[in-house]
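This report refers to the structure that appears directly beneath it.
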Amino acid sequence: MNFKEVEQKWQNYWHEKKTFEAINGSEKPPYYILVEFPYPSGAGLHVGHVRSYTAQDALARMKRMQGYNVLFPMGWDAFGAPAEQYAIKNHIHPKEAVKENIKTFKGQMESLGFSFDWSREFSTTDPEYYKWTQWQFLQFYKHGMAYKATVPVNWCPNCKSVLSNEDAAGGVCERCGSFVEQKEKSQWMLKMASYAEDLLDGLKDTNFAEKVKLGQINWIGKSKGVELDVDIVGGGSFSVFTTCIETIYGITFFVIAPDGKLIQELMPRVENKDEVMEYIEKTKRKSAMDRTDLNKEKSGCEIKGIKAIHPITKQEVPIFLGDFVLGDYGTGAVMAVPSHDERDFEYAKAHNLEMIQVIDGRSTEEKAFEKQDYLGVGCKLINSEEFTGLTVEEAKKAITKKLVDMGVAREVNNYKMRDWIFSRQRFWGEPIPMIYCDDCGWVPMNEEDLPLLLPDVTEYEPTEDGESPLSKITDWVNTTCPKCGKKARRETDTMPNWAGSSWYFLRFMDPHNTKEFASMDAMKYWGKVDWYNGGMEHTARHLLYARFWVQFLYNIGLVPNKEMIWTRVSHGMILGSNNEKMSKSKGNVVNPDDVVKEFGADTLRLYEMFIGDYEQDAPWNTDSLRGCKRFVDKVIRLKDKVKEGDSYSPKLESIIHKTIKKVENDTLHLGFNTAISSLMILTNAMEDESSITKEDYHVLLTLLNPYAPHITEELNESIGYSPICESSWPVYDDEKTIDQEVTIGVQVNGKLRGEITISKEEEKDSILEKAFNNEKVKNFIGEKEIVKTIVIPNKIVNIVIK
RNA sequence: GCUCUUGUGGCGGAAUUGGUAGACGCGUUGGACUCAAAAUCCAAUGGUAGUGAUAUCGUGUGGGUUCGAGUCCCACCAAGAGCACCA
């Protein structure tokens, strides 16, 4: 059989019959399966893409046969740095490169027979799409959720370019290797931090995998604690945030951040201004160095002339500057308790500061400070006046209450998650639709003027001072103020790559809508995304951004649900045959096109599903791939055994019902490898028969169809059945999946000693009798005393002897 | 350092969630078919001892709970991923 022709034939059939087009408002129950739309890189489709697409394709095909109106769309996340880099290098407009790449990707996807609804295809770079990304940005702005702020960015002085954190890893520019500096830049921000609690809370309304939820929780990074006011000798005060208020009697100094506002406010009263200023400058340079290595020792200096007053003991306490305290977290100042905090301990050691132990048990001084010991039961407070003797948990409550009553503290939550820096000084992104007018300030564009098209340029490099190349196109930049009509300038920054992917799943529900980003009716009809599949690398940030975006749209009444994604799963990577991540430099890359050419699409699909646990990484193995090819050939050969008959062979009936149940359940629960294994078992069972009925063969082909759609359609047609893609999924009879007779083990003292065969409804006594009559079991029991017998129906018998 | 994930044959991996460990596939060995090869088919295949029935050990390590542990609990070891001074 020529698989190339077969594949082509059925791909054409599906295309012509529009087999996979989802219909909005259909009476069938809706089911939305989403795979992350890819970035169409020049490298083409990766075998890793094939893994997740095949998995969700199998689910989609099965669900369709089960009578669902399945939405399984595909599109392109095509803005972003790689296309721009390519453009800079080759002087081709990214638009052109993207167009080419999409063509390649789409061709590859079609050759694999994925049942995407291509009528809903779009790219984030289509003006019809990014018009709505821009429109949604304006909604953020109009609801006070977007603002401009001056924030430090990674700046490469050599490349004269703003770098993302990824490109500046280790404090070194990825391209040229020079040290990255921090540069202040005015950027658009989205107020994501204010959604921290909602984003945590919303997880309740999702069915994300546990590790995905954890990723979200860790990224948000919530800490419960107390914000404490501290008076300064001679007037004034500042606040600190702590999660360990019970250690308040152990404070021996305070530390404030060199990059925060507080030190600037205190500056007029500082006696050693030179020293302090120098340290602040040093931090600015150093913070770019990523603060990772070299930085173990705690640097800083005392702020002379300013002393804090301990809120309870009223003693004078010195204040220090230290870069281990971050200016943009909490209050930018901490209370230092060196006996019970590792960082404070190191700082105290480096600067010869006093330590007071306030919790019995191990302190940092005795080395091996461990949170567990510290929080463990039996740890009691010492040196803490009336709180001495309380446990840590008790003291936390009591001291908080005292301070709150005194009016100098309040319970607060802090989050690691910051606001979203939303500007990029790049060309290949959605232009931010804002206009700056000298009189009116920042003014949003009129919504009816959208989309703001990305103009064509000849130079894609950022400018000398790190501005987007758009800033060089003066006739694009210069415009008039939508408010007062005077001369004004456009924003030249573009949106980050994350923007377009934060709402694409909504657009798929209603992709051709010219009046709205998606109609409420369409979104209500489809409801939440039932399955969202993507890589582990996107489970933290992309998912968080998308959820934030949706929650905002929900709050302003534009989407029907606060969470629009129900289940999120992540697939494991396909590694090279040497067990390392596939990469060109390692020469272990497998190109799916080659495999399709040599083995066929169905074999590749089967292999990638059979390769192992879907959520786990797995190495490529060509021998195993051949095994799957053998399986396909076996199924083809089975056709020679087919005889007339429109019911299951009696001998095969039970295993067929079992297999239907197994394939159905496993396909629904990511057990693709075991689903295929059970199909192999069924195939082997059929092979053992001298003949099988048409119906036997048909059911095998139907069950295998979601995984190997081309060959199964062809074989099914050859025995005179109508196409599987237009048929329904077989139904199993639970009664028939239960064996009448079952062989169970007999243990003596928990060790397997024999086997007995019992019938489905056999009584305990009869089972035990069989067990005791088993020769091997008899030998082991001998004359010994029987203490106890355990009979678990259909599972096992255990006889305990002494 | 912290968080998470994973440790089962020569390899990828199963195990109905506490009940016959190693399903299925790969590989290997022997055999059949063939002039030969490929393809296909049959048989064997966790270790050790034994001709053998069989015995014994065995799911990273050490303990524990249980009639019974790959699965639950405690401690540890190793690999991978992510976060990285978040008070």
Side-chain angles (χ1 to χ4, degrees), chain A residues 210-212 214-215 217-219 221-223 225-226 240-245 247 255 257 290-292 295-296 298 322-326 328-337 341-344 346-347 369-371 414-418 536-537 539-540 572-573 575 577 579 581 606-607 610-613 615-628 630-631 633-634 637 661-662 665 671 673-681 683-684 687 742-756 776 779 787-801:
Chain A
E210 217 40 51
K211 64 176 175 180
V212 174
L214 262 166
I217 290 166
N218 288 341
W219 195 272
K222 179 177 180 172
S223 301
V226 170
V240 297
F241 173 72
T242 179
T243 54
C244 298
I245 193 67
T247 60
V255 187
D290 229 5
R291 296 168 160 169
T292 41
N295 207 22
K296 281 289 164 224
K298 294 277 179 284
D323 67 3
F324 78 91
V325 179
L326 307 173
D328 63 346
Y329 180 79
T331 60
V334 300
M335 58 181 233
V337 184
D341 181 279
E342 219 174 351
R343 294 152 304 184
D344 298 347
E346 281 167 24
Y347 195 93
F369 166 88
E370 281 174 43
K371 222 170 197 166
N414 264 310
Y415 304 89
K416 284 192 203 177
M417 190 177 73
R418 316 289 153 94
M536 201 55 209
E537 70 277 17
T539 51
M573 271 188 297
L575 306 171
S577 50
N579 238 314
K581 206 171 159 174
L606 278 168
Y607 170 61
F610 189 61
I611 196 168
D613 182 344
E615 295 183 272
Q616 228 57 57
D617 294 350
W620 184 267
N621 182 321
T622 305
D623 280 333
S624 265
L625 174 72
R626 286 201 186 93
C628 290
R630 236 171 268 171
F631 171 55
D633 290 341
K634 211 185 254 190
R637 260 186 278 121
K661 185 176 182 179
K662 175 107 181 122
N665 281 331
N673 53 341
T674 46
I676 289 169
S677 135
S678 72
L679 286 164
M680 287 172 170
I681 293 169
T683 304
N684 290 341
E687 212 185 23
V742 59
T743 303
I744 63 168
V746 180
Q747 299 180 328
V748 178
N749 282 350
K751 285 200 175 181
L752 186 72
R753 296 304 181 186
E755 274 178 357
I756 54 172
K776 284 190 214 162
N779 287 340
V787 181
K788 198 175 178 183
T789 55
I790 291 122
V791 179
I792 310 290
N794 292 321
K795 301 250 162 137
I796 207 155
V797 176
N798 193 6
I799 298 162
V800 186
I801 58 172

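Protein chains get the first letters and strands the later ones, always in sequence-line order, with residue 1 at the start of each. Remember, it's a predicted structure, so these values are computed and weren't measured experimentally.
Atom-to-atom, NZ of K222(A) to P of rA87(B) comes out at 13 Å; the value is rounded to the nearest Å. Following rounding to the nearest Å, D328(A) (CG) and rC85(B) (C1') show an atom-to-atom distance of 13 Å. Following rounding to the nearest Å, K416(A) (NZ) and rG82(B) (C1') show an atom-to-atom distance of 11 Å. Taking atom CG of D341(A) as the reference point, atom C1' of rC2(B) lies 14 Å away to the nearest angstrom. One atom, CE of M680(A), and another, P of rG25(B), lie 6 Å apart when rounded to the nearest Å. The separation between N779(A) atom CG and rA55(B) atom P is 9 Å, rounded to whole Å. What separates CG of L326(A) from C1' of rC83(B) is a distance of 14 Å, to the nearest Å. The distance from atom CE of M573(A) to atom C1' of rA81(B) is 8 Å, rounded to the nearest whole Å.
Distance noted for atom C1' between rA15(B) and rU65(B): 22 Å (whole Å). Here, rG31(B) and rG70(B) have their P atoms 38 Å apart, quoted to the whole Å. Separation of the C1' atoms belonging to rU71(B) and rU6(B) is 15 Å when rounded to the nearest angstrom. Spacing of C1' atoms, rC33(B) relative to rA43(B), comes out at 15 Å, to the nearest Å. Nucleotides rG12(B) and rG80(B) have their P atoms positioned 16 Å apart, rounded to a whole Å. For the P atom pair drawn from rA21(B) and rC26(B), the interatomic distance equals 25 Å after rounding to whole Å. Distance noted for atom P between rG30(B) and rA78(B): 41 Å (whole Å). Comparing rU16(B) with rC72(B), their P atoms sit 12 Å apart, to the nearest whole Å.
The base of rC85(B) is paired with the side chain of K298(A) by a donor and an acceptor separated by under 3.5 Å.
Nearest nucleotide to the side chain of F324(A), out of rC85(B), rC24(B), rU40(B): rC85(B). Which of rC26(B), rU56(B), rU54(B) sits closest to the side chain of K776(A) comes down to rU54(B).
Here CG of D613(A) is found 6.5 Å from CG of N673(A). Values are rounded to the nearest 0.5 Å. The CE atom of M417(A) sits 12.5 Å away from the CD1 atom of I217(A) when rounded to the nearest 0.5 Å. Rounding to the nearest 0.5 angstrom, the gap separating the CG atom in N798(A) from the NZ atom in K751(A) is 12.0 Å.
Remark: R753(A) is not in phosphate contact with rU54(B), judged by side-chain N or O atoms under 4.0 Å from OP1 or OP2. An OP1 or OP2 oxygen of rC57(B) is reached within less than 4.0 angstrom by a side-chain nitrogen or oxygen of K751(A). In terms of phosphate contacts, R630(A) brings a side-chain nitrogen or oxygen within less than 4.0 Å of OP1 or OP2 of rG27(B). The phosphate of rC67(B) has OP1 or OP2 within less than 4.0 Å of a side-chain N or O from K788(A).
Ion pair R626(A)/D623(A) flagged as a salt bridge, since at least one NZ, NE, NH1 or NH2 atom sits closer than 4.0 Å to an Asp/Glu carboxylate oxygen.
A distance-only check finds a donor-acceptor pair linking the side chain of N749(A) to the backbone of I801(A) [under 3.5 Å]. At least one donor-acceptor pair under 3.5 Å links the side chain of T247(A) to the backbone N or O of C244(A).
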Given side chain to side chain contact (heavy atoms under 4.5 Å, CB included), test I796(A) with I790(A) step by step and report yes or no. CA-CA 8 Å; I796(A) 207 155; I790(A) 291 122; 5.8 Å; no

Going through the checks in order, is the side chain to side chain contact (heavy atoms under 4.5 Å, CB included) test met by I799(A) and V746(A)? CA-CA 8 Å; I799(A) 298 162; V746(A) 180; 4.1 Å; yes

Verify side chain to side chain contact (heavy atoms under 4.5 Å, CB included) between F631(A) and Y607(A), making sure each step is shown before the conclusion. CA-CA 10 Å; F631(A) 171 55; Y607(A) 170 61; over 6 Å; no

For each nucleotide in nucleotides 6-20 of chain B, reading 5' to 3', give B when a protein heavy atom comes within less than 4.0 Å of its base, S when such contact involves only the sugar-phosphate, and - otherwise. S-----BSS----BB

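The nearest pair of heavy atoms linking A257(A) to V325(A) is CB-O, 3.2 Å. Between S223(A) and Y329(A) the shortest heavy-atom distance is OG-OH, 3.5 Å.
Classification of rG62(B) as anti follows from a glycosidic angle more than 90° from 0. With a glycosidic angle more than 90° from 0, rU16(B) adopts the anti conformation.
Across all strands shown, E210(A) has no heavy atoms under 4.0 Å from either base or sugar-phosphate atoms. Among the heavy atoms of the strands, none lies under 4.0 Å from G221(A). Nucleic acid contact for N684(A): sugar-phosphate only, since backbone atoms but no base atoms lie under 4.0 Å from a heavy atom of the residue. Among the heavy atoms of the strands lying under 4.0 Å from R637(A) are primed sugar atoms or P, OP1, OP2 only; no base atom is included.
Y347(A) and F324(A) have tilted rings, their planes meeting at an angle from 30° to 60° on a 0 to 90° scale.
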Base-pair map of RNA chain B as dot-bracket, where | denotes pairing with a different strand and pairs are Watson-Crick or G-U under 3.5 Å: (((((((..(((......[....)))((((((.......))))))((((....))))..(((((..]....))))))))))))....

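Of the two residues near RNA chain B, K634(A) and R626(A), the one whose nearest nucleotide lies more 5' is R626(A).
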